[in-house]
Protein chains: 2
Amino acid sequence: MTQVRPMRADARRNYERLLKVAAEAFAEHGENASLDDIAKRAGVGSGTLYRHFPTRQALLEAAYVDRIEALGSRADELARELPPGEALMEWLNELCVATIQVRGMKSLLGSAVTDGSSAALTACGTTVKGAASRLVEAAQAEGVLRADLEPIELLRLAHGVATASELANGQGREIRRYLALLTEGLRPAG
Amino acid sequence: MTQVRPMRADARRNYERLLKVAAEAFAEHGENASLDDIAKRAGVGSGTLYRHFPTRQALLEAAYVDRIEALGSRADELARELPPGEALMEWLNELCVATIQVRGMKSLLGSAVTDGSSAALTACGTTVKGAASRLVEAAQAEGVLRADLEPIELLRLAHGVATASELANGQGREIRRYLALLTEGLRPAG
DNA sequence: ACCTGAACACCGTTCAAGT
DNA sequence: ACCTGAACACCGTTCAAGT
């Protein structure tokens, strides 16, 4: 573990202002919000932004850490309240909703499950994959989920479902239907 | 129908050079290839590019019209050769492969099935949706596909499957597996 | 140790002037 | 009727100078 020195007071202040402004900017303009504009609105030079967050991904991740953590603890909450199969489906639904409705979250969640992505190894990726693994294993132990399904595959498919719902432009109204189609398959019922 | 006046010789020459160069540029740099660079490489002013193709989408569509048409006729070819269910699955597989492997095609195919997108009404959207409809109806008539599934929903889900496969970074190796998971559902077999 | 902001390279889009 | 390319506004990134 690398020992983290405490930041100088002005550095810490800038860091926090940047995070606050960045969250607003991503919410307003989406994941491609202007970095220069974020620095200006936070009242710092653009170099300062780059010092704290070398890449757009880094800033995106820092701005949404708490939301990702919330998704993680939500998984365990659902696991306590519902049977494994239902807990998994409900969590996937909330994951997809966040993917679509929280602007900037999509690219973050996407790179968390991208093979070979450096972001996949960061806090965000670890949290999401951990949560998915616990729910998947419980559902498989119960016999309500294919045993050959890897947690990361399910996360990728959920990202696909979110993408499909996004194309329908219904602010996520189609998520439950598309998740159900994935779960039940495309063959006629019965 | 609006009568199309033939283009002036130099206009036609520029139009064709732009298309050729654009296809190369999209293949090389992806859908965000620099428009300015395309104009330069085609030896025309940037204004000329904008005259012929007012938006990036318009250029993208023009550059890939023939590939889209090929997907359309491929659907009918498969319908003649295979039983309806297999023809549909094979076509979806080829659609997903094109989505991932032909750079620039993804955004085009995406906007073709985006609700409210102007591109959805263009030649590209009509062709793809027509092909999907024919295959879907045949499969439903045979009783191998859910009767409540709309062709456009299936196209959106296929786009989602392509996205999921893209995240796996396997150049499309996962497409067949992910399509199978969608078709068969996530519950244990048997 | 950290911050600033000018400087650079790049891009999309428009439009007055040209043929 | 069509083309050219300068002009404008914008963006990401770096780095010398400052505190």
Side-chain angles (χ1 to χ4, degrees), chain A residues 2-63 103-104 107-108 111 117-119, chain B residues 2-63 103-104 107-108 111 117-119:
Chain A
T2 49
Q3 173 65 21
V4 181
R5 253 190 310 92
M7 273 190 253
R8 222 170 65 178
D10 55 347
R12 160 146 293 271
R13 195 165 46 242
N14 283 337
Y15 183 89
E16 274 158 10
R17 294 212 51 176
L18 279 169
L19 270 194
K20 181 163 167 290
V21 170
E24 291 167 9
F26 288 136
E28 193 173 349
H29 301 292
E31 55 159 323
N32 289 317
S34 160
L35 296 182
D36 195 63
D37 185 55
I38 289 175
K40 273 203 181 61
R41 282 210 257 170
V44 305
S46 45
T48 302
L49 189 155
Y50 281 90
R51 165 180 305 277
H52 288 300
F53 310 102
T55 66
R56 180 181 293 273
Q57 275 295 320
L59 181 56
L60 220 36
E61 169 141 1
R103 300 179 77 175
S107 70
L108 191 55
S111 68
S117 160
S118 58
Chain B
T2 49
Q3 174 65 22
V4 181
R5 252 186 314 89
M7 275 190 247
R8 222 169 63 177
D10 55 346
R12 161 147 292 271
R13 195 165 47 241
N14 283 337
Y15 182 91
E16 274 157 10
R17 293 212 51 176
L18 279 168
L19 270 193
K20 182 164 167 290
V21 170
E24 291 167 10
F26 288 136
E28 193 173 350
H29 301 291
E31 54 160 324
N32 289 318
S34 160
L35 296 182
D36 195 62
D37 185 54
I38 290 174
K40 273 204 181 61
R41 281 209 257 170
V44 306
S46 45
T48 302
L49 188 155
Y50 281 90
R51 167 179 303 278
H52 288 301
F53 310 101
T55 66
R56 182 182 292 275
Q57 275 295 321
L59 181 56
L60 220 36
E61 170 141 0
R103 299 179 79 173
S107 69
L108 191 55
S111 69
S117 158
S118 58

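Each chain gets a letter, A, B and so on, in the order the sequences are listed, and its residues count up from 1.
In this structure, A:Arg8 CZ and A:Asn14 CG are separated by 9.5 Å, a value rounded to the nearest 0.5 Å. Put simply, CG on A:Leu60 and CZ on A:Arg103 are 12.5 Å apart, with the number rounded to the nearest 0.5 Å.
Across the protein-nucleic acid pair, A:Leu60 atom CG and D:dG12 atom P stand 13 Å apart, rounded to whole Å. Nucleotide C:dT14 holds its P atom 12 Å from the CG atom of B:Leu49, rounded to whole Å. In this structure, NZ of A:Lys40 is placed 9 Å from C1' of C:dG5, rounded to the nearest angstrom. Remark: P of D:dC10 and CD1 of A:Ile38 are 17 Å apart, rounded to the nearest angstrom. C:dC2 atom P lies 14 Å from atom CZ of A:Phe53, rounded to whole Å. Here D:dC2 presents its P atom at 9 Å from CE of B:Met7, a figure rounded to the nearest Å. With rounding to whole Å, A:Asp36 atom CG is found 11 Å from C:dA6 atom P. In this structure, CG of B:Leu35 is placed 12 Å from P of C:dT14, rounded to the nearest angstrom.
The salt bridge (Lys or Arg N to Asp or Glu O under 4.0 Å) check on B:Arg12 picks up B:Glu16, with sequence neighbours excluded. A:Phe53 pairs by the ring pair (Phe, Tyr, Trp, His ring centres under 6.0 Å) definition with A:Tyr15, not counting sequence neighbours.
Of the candidates D:dC3, C:dG5, C:dG12, C:dG12 carries the atom nearest the B:Ser34 side chain, counting heavy atoms from C-beta on. For B:Val44, whose side chain is taken as the heavy atoms from C-beta onward, the closest listed nucleotide among C:dT14, D:dT4, C:dC3 is D:dT4. Checked against C:dT14, D:dT13, D:dC3, the side chain of B:Tyr50 finds its nearest nucleotide in C:dT14. Looking at the side chain of A:Asp10, the nearest of the listed nucleotides C:dG12, C:dC2, D:dT14 is C:dC2. For A:Ser46, whose side chain is taken as the heavy atoms from C-beta onward, the closest listed nucleotide among C:dC3, C:dG12, D:dT13 is D:dT13.
Among all heavy-atom pairs drawn from A:Ala39 and A:Ser46, the shortest one is CB-CA, 3.9 Å. Across B:Arg56 and B:Ala33, no two heavy atoms sit closer than the pair NH1-O, 2.9 Å.
Checking A:Thr55 against A:Arg8, the closest nucleotide of DNA chain D that is more toward the 5' end is the one next to A:Thr55. Residue-to-nucleotide proximity on DNA chain C shows that, of B:Asn32 and A:Gly45, the 5′-proximal contact is made by A:Gly45.
Using a 4.5 Å heavy-atom cutoff, the side chains of A:Val44 and A:Arg17 are not in contact.
Across all strands shown, B:Asn14 has heavy atoms under 4.0 Å from sugar-phosphate atoms exclusively, and none from any base. Within the 4.0 angstrom heavy-atom criterion, only backbone atoms of the sugar-phosphate kind lie near A:Arg56; the bases stay farther away.
Among the duplex regions that DNA chain D forms, those built from at least three successive Watson-Crick or G-U pairs under 3.5 Å are C:4-8 with D:12-16, C:12-16 with D:4-8, ordered by first number.
Considering only side-chain N and O atoms, B:His52 lies under 4.0 angstrom from the phosphate OP1 or OP2 of D:dC3.
For B:Ser117 (side chain) and B:Ser111 (main-chain N/O), a donor-acceptor pair under 3.5 Å exists by modelled atom type.
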